[in-house]
Asker: 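Here it is, the structure in full.
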There are 2 protein chains.
Amino acid sequence: MPQPSAPRKTLGRPPRISREAIIETARRIVTEAGVDRLTMRRLATEIGSTPMALYHHVRDKEELLVLLLDDYATRTLRRPEIPVDPRERIVVAATTIHQALAACPWIVEVLTADDLMSTSALWFVEQIVDGLVECGLSPDRAVHGYRAIWYYTAGEIVVRATAARRRAHDDRATYREQVFADLDPNELPRLAQVADRWAPLTAQDTYLDGLRALVDGLLTSR
Amino acid sequence: MPQPSAPRKTLGRPPRISREAIIETARRIVTEAGVDRLTMRRLATEIGSTPMALYHHVRDKEELLVLLLDDYATRTLRRPEIPVDPRERIVVAATTIHQALAACPWIVEVLTADDLMSTSALWFVEQIVDGLVECGLSPDRAVHGYRAIWYYTAGEIVVRATAARRRAHDDRATYREQVFADLDPNELPRLAQVADRWAPLTAQDTYLDGLRALVDGLLTSR
DNA sequence: GAGCGTTTTTATACACGTAAGAAAAGTTAG
DNA sequence: CTAACTTTTCTTACGTGTATAAAAACGCTC
């Protein structure tokens with residue numbers, strides 16, 4: 001790891017590559033060829049270096065992906081107009097983040113970070129926590145509320161993205177259909193009732209509905 | 001893939017290993033040595049075979065993990081006493097699943113399945129959907145409600161488990177602390193206000209609170 | 001300029017998941 | 001018995017992330 005504030009001007013061998021250059025090249029590879037094609041070797045050759053040289057600027061591939069996510073967030077997250085109604089403010093902030101993340105599905109492997117801690121995302125966290133406080137929650141409960149919203153949001157994206165990946169990869173969907181076709185209406189009547197509609201129902205985008213329900217519930221709990 | 005209903009008695013070379021034996025051995029390895037130590041090579045040698053032989057019984061490692069999760073669910077998920085109040089029924093069903101999954105954190109990589117479709121888990125899905133319907137939701141909205149609950153539940157587990165893994169792996173937590181220490185109280189007042197309490201606050205287990213809020217919100221939405 | 005300390009880069013190597021195809025071990029038809 | 005056919009297993013090989021240690025490139029001091 002390079003020290004941001006070195007005591008001397010330059011000490012030791014001068015670097016030929018930088019963290020910024022790595023992220024930049026990685027971003028180009030991802031946008032041009034997809035995240036699957038982003039390998040440490042390819043990244044190294046495209047940047048004109050060797051694979052192991054990257055590891056002096058990045059701890060491992062996962063950190064590189066986190067950095068890419070941060071970069072993406074900083075680059076595309078634009079602060080929307082914020083409504084005065086605090087409840088709507090929460091919804092807008094969460095929806096904006098969700099929208100941005102859902103638009104780049106390759107982040108799934110990184111999204112399991114326990115928070116979005118990109119500096120550019122913090123503003124959205126602030127909006128959510130502040131909205132919850134303004135609606136009467138204590139600061140502590142507001143943080144918990146934000147966490148619940150984050151769990152819901154991250155879960156939605158991860159689950160949806162993984163399902164899409166599996167669907168593209170093979171036909172395991174067939175297995176699920178089989179399970180639903182073989183349901184015993186006596187044991188699981190409700191599921192049998194909706195069995196044939198399950199696929200289209202779960203394909204619908206109901207993020208906003210669930211989010212509103214969650215926010216409503218968080219605000220009415222005393 | 002072995003055909004469950006072969007036309008003839010046995011045709012072709014008789015198998016030396018079976019899917020069940022693979023799962024059994026894999027389970028033993030995971031419980032004894034952890035999921036990290038479960039490699040196709042080790043599994044093969046411990047079962048007395050070769051890595052590629054496994055691939056005639058299992059599509060890939062991910063499917064093996066899904067099968068392991070199914071096996072785990074079937075083995076440990078016990079149906080709890082179900083309250084008569086439908087709202088409580090939903091909460092109990094979701095909490096039971098959450099508890100079981102949270103107890104075996106290695107599933108994180110699999111948990112991104114878009115549903116828990118283990119047969120033994122379907123009963124819990126039924127309880128949730130049925131509870132929502134009994135509270136007045138249409139079947140379609142009940143399915144959406146179940147999905148919201150699943151997003152929240154899966155998100156909570158994935159986020160928490162990943163955070164724990166990172167914490168054990170290295171000191172990226174320090175980075176987060178740094179972010180919170182450097183907060184500008186003018187720009188992000190609420191976050192600055194709770195900055196020093198953020199770590200303990202987010203460490204608390206508030207799954208049940210969030211779940212109740214979500215269920216309440218789902219049921220009061222018309 | 002020779003050695004030294006520091007930092008970055010490179011070379012080599014290992015374990016992993018798994019693709020591709022050859023080999024093996026049965027049953028059945030002639 | 002032999003040959004064809006089927007299913008499972010084994011051999012070999014590739015690309016991956018990355019650990020380890022050696023090498024290289026700089027400023028510094030004597």
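Worth knowing before you read on, the calculation uses all heavy atoms, side chains too, and leaves out hydrogens, waters and symmetry mates. Chain letters run A, B, ... following the sequence lines, proteins first and then strands; every chain starts at 1. This structure is a prediction, so every number in the text was calculated from the model and none was measured.
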Asker: To the nearest Å, give me how far apart CG (A:Leu64) and P (D:dT18) are.
Answerer: 10 Å
Asker: Within this structure, what is the CZ-to-P distance between B:Arg16 and C:dA23, rounded to whole angstrom?
Answerer: 19 Å
Asker: Measuring to OP1 and OP2 of D:dT9, would you say a side-chain N or O of B:Thr50 lies under 4.0 angstrom away?
Answerer: no
Asker: Could you check how far OH of A:Tyr55 sits from P of D:dA21, rounded to whole Å?
Answerer: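 Rounded to the whole Å, the gap is 18 Å.
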Asker: In whole Å, what is the span from the CG atom of A:Asp36 to the C1' atom of C:dG17?
Answerer: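 Computing the A:Asp36:CG to C:dG17:C1' distance gives 15 Å.
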Asker: Once you round it to whole Å, what is the distance between P of C:dT9 and CG of A:Leu43?
Answerer: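 Going from CG in A:Leu43 over to P in C:dT9 covers 13 Å.
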Asker: Check the side chains of A:Arg160 and B:Tyr151 for a donor-acceptor pair under 3.5 angstrom, ignoring hydrogens and angles.
Answerer: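 Looking only at side-chain atoms, A:Arg160 and B:Tyr151 do form a donor-acceptor pair, the distance falling under 3.5 Å.
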Asker: Hey, is the side chain of B:His57 poking within less than 4.0 Å of OP1 or OP2 on D:dT9, counting only N and O atoms?
Answerer: yes
Asker: Would you kindly compare B:Pro15 and B:Pro51 by the position of their nearest DNA chain D nucleotide and give the one closer to the 5′ end?
Answerer: B:Pro15
Asker: For A:Ser49 and C:dT9, is the shortest distance between a side-chain N/O and OP1 or OP2 below 4.0 Å?
Answerer: no
Asker: Can you check the A:Leu54 CG to D:dA19 P distance for me, whole Å?
Answerer: 13 Å
Asker: Looking at C:dA11, C:dA20, C:dT27, which one has an atom nearest to any side-chain atom of B:Met52?
Answerer: C:dA20
Asker: Specify the separation, in whole Å, of atom CG of B:Asp60 and atom P of C:dT18.
Answerer: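 Value for this atom pair: 5 Å.
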Asker: Whole angstrom is fine here: how far is it from NE2 in B:His56 over to C1' in C:dA22?
Answerer: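 Computing the B:His56:NE2 to C:dA22:C1' distance gives 13 Å.
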Asker: Return the CD1 to CG distance between B:Ile23 and B:Asp71, rounded to the nearest 0.5 Å.
Answerer: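 Taking CD1 in B:Ile23 and CG in B:Asp71, the distance rounds to 6.0 Å.
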Asker: Looking only at side-chain atoms of A:Leu11, point me to the closest of C:dT9, C:dT6, D:dT16.
Answerer: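 So the side chain of A:Leu11 is nearest to C:dT6.
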Asker: When rounded to the nearest 0.5 angstrom, what is the spacing between CD1 in A:Ile157 and OH in A:Tyr152?
Answerer: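 That separation rounds to 10.5 Å.
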Asker: Compare the minimum distances between each of C:dG17, D:dT9, D:dG17 and the side chain of B:Lys61, then state the nucleotide with the smallest one.
Answerer: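 The closest nucleotide is C:dG17.
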Asker: Taking for each residue the nucleotide of DNA chain C with the nearest heavy atom, is it B:Pro14 or B:Arg42 whose nucleotide lies nearer the 5' end?
Answerer: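 Result of the comparison: B:Arg42.
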Asker: Output the single nucleotide from D:dT9, C:dC16, D:dG27 whose closest atom is nearest the side chain of A:Thr10.
Answerer: D:dG27
Asker: Counting only side-chain heavy atoms from C-beta out, which of D:dA25, C:dT9, D:dT9 sits nearest to B:Ile17?
Answerer: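 Looking only at heavy atoms from C-beta outward on B:Ile17, the closest nucleotide is D:dT9.
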Asker: From the set D:dT8, D:dC10, C:dG17, return the single nucleotide nearest to any side-chain atom of B:Arg13.
Answerer: D:dT8
Asker: Is there a donor and acceptor pair, one atom on the side chain of A:Arg41 and one on the base of D:dG15, closer than 3.5 Å?
Answerer: no
Asker: If we count only N and O atoms by modelled type, under 3.5 Å, do the side chains of B:Tyr207 and B:Thr95 hold a donor and an acceptor together?
Answerer: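 No, no side-chain donor-acceptor pair sits under 3.5 Å.
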Asker: If you round to the nearest 0.5 Å, how far is CG of A:Leu132 from CD1 of A:Ile90?
Answerer: 4.0 Å
